[in-house]
S.K.: 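Below you will find the structure I want to go over with you.
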2 protein chains.
Amino acid sequence: MAAQRSVSTAGPKDGAADAPSSARGATRGQVDTAIRAGLLTGRFIPGKAVTIRGLAGELGVSPMPVREVLQRLSAENALEVKSNGRVQVPDMTKDRFDEVVKARLLLEPELAERALSNLSARDVKVLTAIDDDIDQRIVNGDAEAYMRLNHAFHFHLYRASNSKVLLPLIDSLWLQFAPFMRTVYGRVGTASLVDHHKEAIRAIEQQDNQALRDAIAGDIADGMGILGNEILNGT
Amino acid sequence: MAAQRSVSTAGPKDGAADAPSSARGATRGQVDTAIRAGLLTGRFIPGKAVTIRGLAGELGVSPMPVREVLQRLSAENALEVKSNGRVQVPDMTKDRFDEVVKARLLLEPELAERALSNLSARDVKVLTAIDDDIDQRIVNGDAEAYMRLNHAFHFHLYRASNSKVLLPLIDSLWLQFAPFMRTVYGRVGTASLVDHHKEAIRAIEQQDNQALRDAIAGDIADGMGILGNEILNGT
DNA sequence: TAACCAATTTTGTGATCACAAAATGACACG
DNA sequence: CGTGTCATTTTGTGATCACAAAATTGGTTA
């Protein structure tokens, strides 16, 4: 129920959303969402080079829109252009990781607070459904689905803030740690995963500002804490 | 016929500190720094469309690298691609402005703190020189120079943190409010400008963490406060 | 004068090309 | 078995083209 993959809707609704299917940047939009989704679910391995022609072939488009999207994602620090022009998913280092955690802890509770008053009972239902789905995926060990749903949970919440500044910043952060997250789950599995989603949902129901901030902060601290331990073993 | 490889137009004009002139993305780097500098000093007017071929002509390059840079800057929310494909400097709204201020107040003191221990006496001299220059420009009413130097002051400080995550986020924020800042200075002049740079320098000399955070936060609050008042009158 | 419409120009987009630099592989030599 | 060297292939980059959509212009009419 999350990704509206518009296949049949002929309505040329603009919306300026993620992927306009018949607007001016149609192909670029498709390529962008495809690669973004790939990054967020860990289908790209850090350190592995990603080639323009390769992606263009996979997606069945010309190299041109891929070039632009790769530049775009590089500007968001989701990808890295090395000095020889090759583009790759950046390797995670301890310093980078600590900065990402710090930035998430500063920005995400703030955005959650701004979203709180806009969240309705319908949103609570959506979030609960996503969270229930997450619990299923964790026991099943489906890491890719877990990452997609966890992202959906957080961003359904954040999007309610109607933010045009903070949200893109957080978007950039998620794109940066997601690929690394995936490699860790590949090593340690999904069994040890914990989250504070239920506390967040309860806080929303009660419109409790501080409780929501604490739930988000706790969710970040715990979730990233698991990753943080692994980074020391890996390198 | 075609395939005329540019024989003469490939003048190896180096000098850009940020963009290597003989590396793989030479022209793109030049275009990028040029447009970025233009945005930070307010040479682009919000709402005014910026065309690929136009910029390519001004910079004496083919449309190709300009296209990529424009996509890049759009991904950083420094530019905005409208539904018809046109690219323009986004208009500033009150909501957007409030978010930028909030994000700056959250991130920049943090980055200043991380930079503090890396700042030497030589950095103090550099910052002092920049600040003295700023005072000159304010009385002279040179808004463009002021903006360039104010940016130089803050980012010389922040760059000392060696940050690879927070710094790009702050970069994006500056690109977003700078063009709007320029239009305000064009209306009210630079006489009323105040900053907390000297307090920041003193805090660095004394390695006083909290004092530096306060100075940066105060600098942001005061500087953006002036802009904040104007946004209500303008629209 | 203001509003409407058709012709013209401008603009973004996707595709393809040519070229240089880099990566890759093959192979001889120590 | 390792190592350096050379040919081949891959890859990013900048340029150009063709096309559709959008903006602009110019003229006409009410």
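Chain naming here is simple, since letters A, B, ... match the order of the sequence lines and numbering starts at 1 in each. Predicted model, so just to flag it, every value in this text is computed and none were measured.
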S.K.: Are the ring centres of A/F155 and A/Y158 closer than 6.0 Å?
M.R.: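 That pair passes the under 6.0 Å test.
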
S.K.: Looking at every non-hydrogen atom in both residues, tell me the closest pair between A/E99 and B/L166 and how far apart they are.
M.R.: OE1-N, 3.0 Å

S.K.: Tell me the interatomic distance from A/L59, atom CG, to C/dA15, atom C1', rounded to whole angstroms.
M.R.: 16 Å

S.K.: Tell me: CD of A/Q88 to P of D/dT11, nearest whole Å?
M.R.: 15 Å

S.K.: Quick check on DNA chain C: between A/M64 and A/R53, whose nearest nucleotide comes earlier from the 5' end?
M.R.: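 Between the two, 5'-proximity favours A/M64.
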
S.K.: If you only use heavy atoms from C-beta on, which nucleotide in C/dT16, D/dA15, C/dT11 is closest to the side chain of B/T51?
M.R.: C/dT11

S.K.: Quick check for you: to the nearest 0.5 Å, what is the distance between A/D91 atom CG and A/K48 atom NZ?
M.R.: 12.5 Å

S.K.: For C/dA15, does OP1 or OP2 lie under 4.0 Å from any side-chain N or O of A/S62?
M.R.: yes

S.K.: Can you measure A/I52 atom CD1 to C/dA23 atom P for me and round it to whole angstrom units?
M.R.: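 Distance, rounded to whole Å: 15 Å.
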
S.K.: Tell me what B/V50 touches on the nucleic acid: a base, only sugar-phosphate, or nothing, going by heavy atoms under 4.0 Å.
M.R.: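 Here B/V50 touches the backbone only, sparing every base.
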
S.K.: In whole angstroms, how far is the P atom of C/dT11 from the CZ atom of A/R28?
M.R.: 17 Å

S.K.: On DNA chain C, check which nucleotide each of A/R67 and B/G54 is closest to and give me the residue with the more 5' one.
M.R.: B/G54

S.K.: Report the distance from atom CD of B/E68 to atom P of C/dG14, rounded to the nearest whole Å.
M.R.: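 Rounded to whole Å, this separation is 13 Å.
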
S.K.: Would you tell me if any nitrogen or oxygen in the side chain of A/N84 comes within less than 4.0 Å of OP1 or OP2 on C/dA23?
M.R.: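 Affirmative; the distance criterion is met.
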
S.K.: What's the closest nucleotide to the side chain of A/P65 if the choices are D/dG14, C/dA21, C/dG14?
M.R.: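 Between D/dG14, C/dA21, C/dG14, the one nearest the side chain of A/P65 would be C/dG14.
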
S.K.: From the options C/dG14, D/dA15, D/dT11, select the nucleotide whose nearest atom is closest to the side chain of B/R24.
M.R.: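 Looking only at heavy atoms from C-beta outward on B/R24, the closest nucleotide is D/dT11.
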
S.K.: Going from NE2 on A/H156 to CG on A/L127, what distance comes out if it is rounded to the nearest 0.5 angstrom?
M.R.: 5.0 Å

S.K.: Please name the pair of heavy atoms, one in B/P90 and one in B/A78, separated by the smallest distance, quoted to 0.1 Å.
M.R.: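 What the structure gives for the nearest pair is CD-O, 3.4 Å.
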
S.K.: Which listed nucleotide (D/dA23, C/dT13, D/dT11) is nearest to the side chain of B/Q71?
M.R.: C/dT13

S.K.: How would you label the contact of B/R86 with the nucleic acid (heavy atoms, under 4.0 Å): base, sugar-phosphate, or nothing?
M.R.: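 Touches sugar-phosphate only.
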
